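Everything numeric here is computed off the predicted structure, so don't read it as measured data. In what follows, every heavy atom counts, from backbone to side chain, and hydrogens, waters and symmetry copies are set aside.
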Amino acid sequence: RDYVSNPGRIVAIQQDDNDNVWIGTSNAGVLRLENTDGSYIGTVSGLSSNDVSSLAFDDTNGYLVVGHSQSGISIIDTNQMTLVDTITTSDGLDSDFVNSVATRFGIAYMATPDKGVMRVELSTSTIIGSWQSLGADDLDATPVAVDGDVVYIDRKSTRLNSSHRCISYAVFCLKKK
């Protein structure tokens, strides 16, 4: 049985701390499913767009960050299944074009094709600012990922550490000090 009309493509899947599965779609926003049998739980309204480009769950506060290809980000409280905030250029983001999102310790990292990597403190929805000085600007795509205490940002050419020193090729990472 379909629960949304014309959901488009599935572009991202993320599981939260309550084992619910969140599905990001290209046309119907975010859908929440039960992980045991795939039954539909519902959706969250009010996203900045129904066109989702990526999802990232932050276990520090239970928030799901929804990246949008042309509309910044939306922040969802997965425990309450409510929209916390939407953040776009009208709120001060450097770009509305979000290709990829990762979270680490309550901070969202958004990769953009035009303004580097933007950062937002999730509990207060405070824009921290972009990392344009890392040379991650003007790329067709800038994937980001988190593995434990490390944030990986793919520049496809150089690997940098948090002090901007070249340490190998392909990806740079930031480690918790």
Open item on the list: Walk me through whether I76 and T82 qualify under side-chain contact (heavy atoms from CB on, under 4.5 Å).
Closed with: CA-CA 6 Å; I76 297 171; T82 57; over 6 Å; no
- [ ] Test D51 against Q70 for side-chain contact (heavy atoms from CB on, under 4.5 Å), laying out the working first.
- [x] CA-CA 8 Å; D51 182 9; Q70 296 182 10; 5.7 Å; no
Open item on the list: One pair to check against side-chain contact (heavy atoms from CB on, under 4.5 Å): D19 and E34. What are the steps and the verdict?
Closed with: CA-CA 8 Å; D19 294 331; E34 176 63 45; over 6 Å; no
TODO: Take V98 and M118, measure what side-chain contact (heavy atoms from CB on, under 4.5 Å) needs, and give me the verdict at the end.
DONE: CA-CA 9 Å; V98 176; M118 300 180 299; 4.2 Å; yes
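Pairing each heavy atom of V30 with each of W22, the nearest pair is CG1-CE3, 3.3 Å. What you find for L33 and Y40 is that their closest heavy atoms are CD2-CA, 3.7 Å. The two residues F105 and T60 have their closest heavy-atom pair at CA-OG1, 3.3 Å. Residue L47 comes nearest to G29 through the heavy atom pair CD1-CA, 3.9 Å, listed as atom of the first residue, atom of the second, then distance. Here the closest non-hydrogen pair linking L93 and I127 is N-CD1, 3.4 Å. Of all the heavy atoms in L55 and Q14, the pair that sits closest is O-OE1, 3.5 Å.
Transitive grouping of hydrophobic side chains (ILVMFWY, heavy atoms separated by less than 4.5 Å) brings V65 and V84 into a common cluster. The same ILVMFWY cluster, assembled from side-chain heavy atoms under 4.5 Å apart, contains both L122 and I87. I41 and V21 fall into different hydrophobic clusters, where Ile, Leu, Val, Met, Phe, Trp and Tyr residues are linked whenever their side-chain heavy atoms come under 4.5 Å apart, directly or through other members. Residues V101 and Y63 are members of one and the same hydrophobic cluster, defined by side-chain heavy-atom contacts under 4.5 angstrom among Ile, Leu, Val, Met, Phe, Trp and Tyr.
Note: D94 CG to R119 CZ = 10.5 Å, rounded to the nearest 0.5 Å. Put simply, CG on N79 and CG on N61 are 9.0 Å apart, with the number rounded to the nearest 0.5 Å. From D96, atom CG reaches atom OG1 of T88 across 5.0 Å, with rounding to the nearest 0.5 Å. For the atom pair CG of D17 and CG of L64, the computed distance is 11.5 Å after rounding to the nearest 0.5 Å. The structure places OG of S45 at 7.5 Å from CG of L83, a figure rounded to the nearest 0.5 Å. Atom CD1 of I73 is separated from atom OG of S125 by 7.5 Å, given to the nearest 0.5 angstrom.
Without hydrogens or angle criteria, D16 side chain to N20 main chain gives a donor-acceptor distance under 3.5 Å. Between the T25 side chain and the A28 main chain, a donor and an acceptor come within less than 3.5 Å of each other. Between the D85 side chain and the I75 main chain, no donor and acceptor come within less than 3.5 Å of each other. Side-chain N or O atoms of R32 include none that pairs as donor or acceptor with a backbone N or O of I23 at under 3.5 Å. With T112 contributing its side chain and F97 its backbone, the two residues share no donor-acceptor pair below 3.5 Å.
Partners of V11 by side chain to side chain contact (heavy atoms under 4.5 Å, CB included), not counting sequence neighbours, listed by chain and number: R9, S26, V52. With sequence neighbours left out, T126 forms a side-chain hydrogen bond (donor to acceptor under 3.5 Å, both in side chains) with T124.
A heavy-atom distance below 4.5 Å is not found between the side chains of V117 and M110. The shortest side-chain heavy-atom distance between F57 and Q15 does not fall under the 4.5 Å cut-off.
For the side-chain hydrogen bond (donor to acceptor under 3.5 Å, both in side chains) test with H68, the passing option among S54, S53, S74 is S74; the others fail.
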